[in-house]
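Residue numbering restarts at 1 for every chain, and letters A, B, ... go by the order of the sequence lines. Every heavy atom of this structure was used, including side-chain atoms; hydrogens, water molecules and symmetry mates were not. The structure presented is a predicted model; accordingly, all values stated were derived computationally and were not measured.
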Amino acid sequence: MSKGLTSRSEDYSQWYNELVTKADLAEHSSVRGCMVIKPYGYSIWEKMQSVLDKMFKDTGHSNAYFPLFIPKSYFSKEASHVDGFATECAVVTHYRLKNDGNGNIVVDENAKLEEELVVRPTSETIIWNTYKGWIQSYRDLPILVNQWANVVRWEMRTRLFLRTAEFLWQEGHTAHATAEEAVEETERMLEVYADFAENWMALPVVRGKKTPNERFAGALDTYCIEALMQDGKALQAGTSHFLGQNFAKAFDVKFTNKEGKQDYVWATSWGVSTRLIGALIMAHSDDQGLVLPPQLAPIQVVIVPIYKNEEELSAISAIADDLIAKLKKLNISVKYDDRDTQRPGFKFAEYELKGVPVRVAIGGRDLENGTVEIARRDTGEKQTSTQAGLDAYIEQLLNDIQNNIYQKALNFRTENTRKADIYEDFKRLLDENPGFIAAHWDGTPETEQKIKEDTKATIRCIPLNNQKEEGKCILTGKPSTQRVLFARAY
RNA sequence: CGGGGUGUAGCGUAGCCCGGUAUCGCGCCACAUUUGGGAUGUGGAGGUCGUAGGUUCGAAUCCUGCCACCCCGACCA
């Protein structure tokens, strides 16, 4: 492991790339745009999955699995959907290789597929094609299904976790008898995501709706949670779509309602991806490395023994073993690092880089005094603490760290959310103090587009429960009834 | 996909302009001394110079194609 990390102020983007690889979260694979998620990074994803999965089940959903391949023709059935994804699809055209006689393995041109298969960029089409066979009556509704899967989007420019050609995610796809019910579902799942972001990732998010420009291809309404990263850029952390009857119409999914009449089914879809790991990194980490919220940290507590001989080590290990047993009872994950191949200082730096929330060091001094040294990753504070009652203290400390990280991120967002009423101020803020900018907008796609071309800032969302306020559009001066949130985004 | 940059040992690099098979640091291995913030010494291993081709007696170096990554742009739940 190499020393030092480029600082955030020096080069934020380089800091991020180095951190991802040096903290052992992921690395570039030999396949363009695709990453290898390494065990430490994957264990964060597993934690996220297990929490979210429980949340989905607690809200009535079940998991299922649909094919990776989607017949090309399915995409043409929903016009705006195909427009949104056509330019980034991987397509399977053949099903066999052969030896060309010169020792080269080549595609067998005789094994051409009748119809090409698209590697799913999202599963609405294959799922709605399937739902057609599942739904006849209102008694078959709702269908509340989630899928954990990988998807492929042939992105032009990729970044580890934030945008990769293949990524892992979950996608919920639900079917309902009424529009009201589908909208309720859309909003419910947005709240699940917001809850997860705030209480597990310690990431404050703005709940909002996308403008028509930024909507998911095929949706009537896209709800989102937006988070602010430390460089002042926004990140879309999750979306929940009200799809109306678009997919039901495209795939002819009708049901008989209570009145005995045929109607198209109402749909939602919602998803979060491994991009959340990118959000986690960019929101909390510092120049020393990762800072992980205790709720999602694969290792919550690391114990490092400091010893001069075998005898001292075994005395320390006895204390450590006792602490480990107590912490495990409290469901706290602990690692005891008694490797003799690295010195304590090296281990300290390593666990800081990897974002372990709490470090306990036990040495000869502590043996004499009945103490340990406790260091918290979020503030870097170190203190000496008695061994008695240590488990309860650490449990509390983990809570404190979780809260502190959240509060810090919230303060950052508050400080970096500003109002602008004059276009010049708006532009100046974007360059000098990037962050969210609350500004009036005349509600037209043209104005939004113009601002985007001009400043690279987009409307991240129209916050839910937004305060009504009379004003004038920042660009055109036309009347507006509320402020919307602008930012440059990932 | 357009513009710019980079690619030399696991990582970071020198050498390239001006052609003669490769420099240094970290890391790695062995041993010893060490261990409360990234240890020290001694010895050692490790390289198709991204890749394919061309020019040449000879290519890391010159020329061409391709690939990957980084930055900017376009695109993008």
Item checked: hbond_proxy A/Glu352 side chain to B/G37 base (donor-acceptor, 3.5 Å cutoff) -> yes
Margin query: Classify the ring geometry of A/Trp15 against A/Tyr12: parallel below 30°, tilted from 30° to 60°, perpendicular beyond 60°.
Written below: tilted
Next item on the list: With C1' as the reference atom in both, quote the distance from B/G46 to B/U6 in angstrom, rounded to an integer.
Entry: 24 Å
Notebook entry, point to check: Has the side chain of A/Gln245 got a donor or acceptor atom that lies under 3.5 Å from a matching backbone atom of A/Val265?
Noted result: no
Next item on the list: With heavy atoms under 4.0 Å as the rule, sort A/Gln236 into base, sugar-phosphate or nothing.
Entry: base
Margin query: Students often get this wrong, so: under 4.0 angstrom with heavy atoms, is A/Arg32 touching a base, only sugar-phosphate, or nothing?
Written below: sugar-phosphate
Next item on the list: Using atom CZ of A/Phe348 as one end and atom P of B/G37 as the other, report the distance to the nearest whole Å.
Entry: 7 Å
Next item on the list: Report the base-pairing partner of B/C66 (Watson-Crick or G-U wobble, both distances below 3.5 angstrom), or none.
Entry: B/G50
Next item on the list: Grab the two heavy atoms, one from A/Asp195 and one from A/Met55, that are nearest each other, plus how far apart they are.
Entry: OD2-CE, 3.4 Å
Next item on the list: Look at A/Asn17 and B/C71 and indicate whether a side-chain polar atom (N or O) is within less than 4.0 Å of OP1 or OP2.
Entry: yes
Check: Which base, if any, makes a Watson-Crick or G-U wobble pair with B/A9, both distances under 3.5 Å?
Finding: none
Notebook entry, point to check: How long is the line joining OH of A/Tyr12 and P of B/C72, in whole Å?
Noted result: 14 Å
Notebook entry, point to check: Could you state the CZ-P distance from A/Phe75 to B/A77, rounded to the nearest angstrom?
Noted result: 13 Å
Note to self: Using whole Å, what does the distance between atom P of nucleotide B/G10 and atom NZ of A/Lys22 come to?
What the structure shows: 17 Å
Checklist line | Donor-acceptor pair present, A/Arg153 side chain and B/A77 base, under 3.5 Å | finding: yes
Margin query: Within the 4.0 Å heavy-atom criterion, would you say A/Ser269 contacts the bases, only the backbone, or no part of the nucleic acid?
Written below: nothing
Margin query: Counting only side-chain nitrogens and oxygens, does A/Arg343 get under 4.0 Å of the OP1 or OP2 atom of B/U40?
Written below: no
Check: Rounded to whole angstroms, how far apart are CH2 on A/Trp15 and P on B/C70?
Finding: 16 Å
Next item on the list: Find the partner of B/C1: check Watson-Crick (N1-N3 plus N6-O4 or O6-N4) and G-U wobble (N1-O2, O6-N3) distances, both under 3.5 Å, and reply none if neither fits.
Entry: B/G73
Item checked: Atom of A/Thr59, atom of A/Val192 and distance for their closest heavy-atom approach -> CG2-CG2, 4.1 Å
Margin query: Only pairs with both distances under 3.5 Å count, Watson-Crick or wobble alike; so what is the partner of B/U56 in this structure?
Written below: none
Next item on the list: Report the base-pairing partner of B/U42 (Watson-Crick or G-U wobble, both distances below 3.5 angstrom), or none.
Entry: B/A30
Next item on the list: From the options B/A77, B/G36, B/C75, select the nucleotide whose nearest atom is closest to the side chain of A/Met156.
Entry: B/C75
Margin query: Could you check B/U21 for me: syn (within 90° of 0) or anti?
Written below: syn
Notebook entry, point to check: Could you give the CE-to-C1' distance, from A/Met35 to B/C69, as a whole number of Å?
Noted result: 16 Å
Notebook entry, point to check: For A/Glu311, does the CD atom sit with more than 12 other heavy atoms under 6.0 Å from it, leaving out its own atoms?
Noted result: no
Next item on the list: Please give the nucleotide sitting opposite B/U21 as a Watson-Crick or G-U wobble pair, both distances under 3.5 Å, or none.
Entry: none
Check: Think A/Lys456 has a side-chain N or O under 4.0 angstrom from the OP1 or OP2 of B/G73?
Finding: yes
Notebook entry, point to check: How is A/Gly218 classified with respect to the nucleic acid when contacts are heavy atoms under 4.0 Å: base, sugar-phosphate, or nothing?
Noted result: nothing
Notebook entry, point to check: Of the candidate nucleotides B/A77, B/U35, B/C71, which contains the atom at the shortest distance from the side chain of A/Phe216?
Noted result: B/A77
Check: Is any side-chain N or O of A/Thr222 closer than 4.0 Å to OP1 or OP2 of B/A77?
Finding: no
Note to self: Check this for me, if you would: do A/Lys308 and A/Glu312 make a salt bridge, where the nitrogen-to-carboxylate-oxygen distance has to be below 4.0 angstrom?
What the structure shows: no
Item checked: side-chain N/O A/His28 vs B/C70 OP1/OP2, d < 4.0 Å -> yes
Notebook entry, point to check: Using purine N1 to pyrimidine N3 plus N6-O4 or O6-N4 for Watson-Crick, or N1-O2 and O6-N3 for G-U wobble, both under 3.5 Å, which nucleotide pairs with B/C16?
Noted result: none
Next item on the list: Please measure how far the P atom in B/G73 lies from the corresponding atom in B/C11, and state the result in whole Å.
Entry: 29 Å
Notebook entry, point to check: On a whole-Å scale, what distance lies between the C1' atoms belonging to B/U35 and B/A39?
Noted result: 8 Å
Next item on the list: May I ask you to decide whether A/Arg207 forms a salt bridge with A/Glu191, counting only side-chain N to carboxylate O separations under 4.0 Å?
Entry: yes
Notebook entry, point to check: Toward the 5' end of RNA chain B, which comes first, A/Ala361 or A/Val31, by nearest nucleotide?
Noted result: A/Ala361
Next item on the list: Pick base, sugar-phosphate or nothing for A/Lys382, based on heavy-atom distances below 4.0 Å to the nucleic acid.
Entry: base
Next item on the list: Provide, to the nearest angstrom, the distance between the CG atom belonging to A/Leu5 and the P atom belonging to B/G12.
Entry: 14 Å
Check: What's the closest nucleotide to the A/Asp366 side chain, out of B/A74, B/G37, B/G36?
Finding: B/G36
Checklist line | Proximal nucleotide (of B/G38, B/A77, B/C71) relative to the A/Phe85 side chain | finding: B/A77
Item checked: Spacing of A/Asp24 atom CG relative to B/G10 atom C1', expressed in whole Å -> 12 Å
Check: Any ion pair linking A/Lys38 and A/Glu27 (charged N to carboxylate O, less than 4.0 Å)?
Finding: yes
Note to self: With nearest nucleotide decided by heavy atoms, which residue, A/Ser273 or A/Glu373, maps closer to the 5′ end of RNA chain B?
What the structure shows: A/Glu373
Next item on the list: Answer with base, sugar-phosphate or nothing: what part of the nucleic acid does A/Thr239 contact at a heavy-atom distance below 4.0 Å?
Entry: base
Item checked: N/O donor-acceptor pair, side chain A/Arg163 with base B/C76, under 3.5 angstrom -> yes
Next item on the list: Looking at every strand, decide which applies to A/Arg275 at a 4.0 Å heavy-atom threshold: base, sugar-phosphate, or nothing.
Entry: nothing
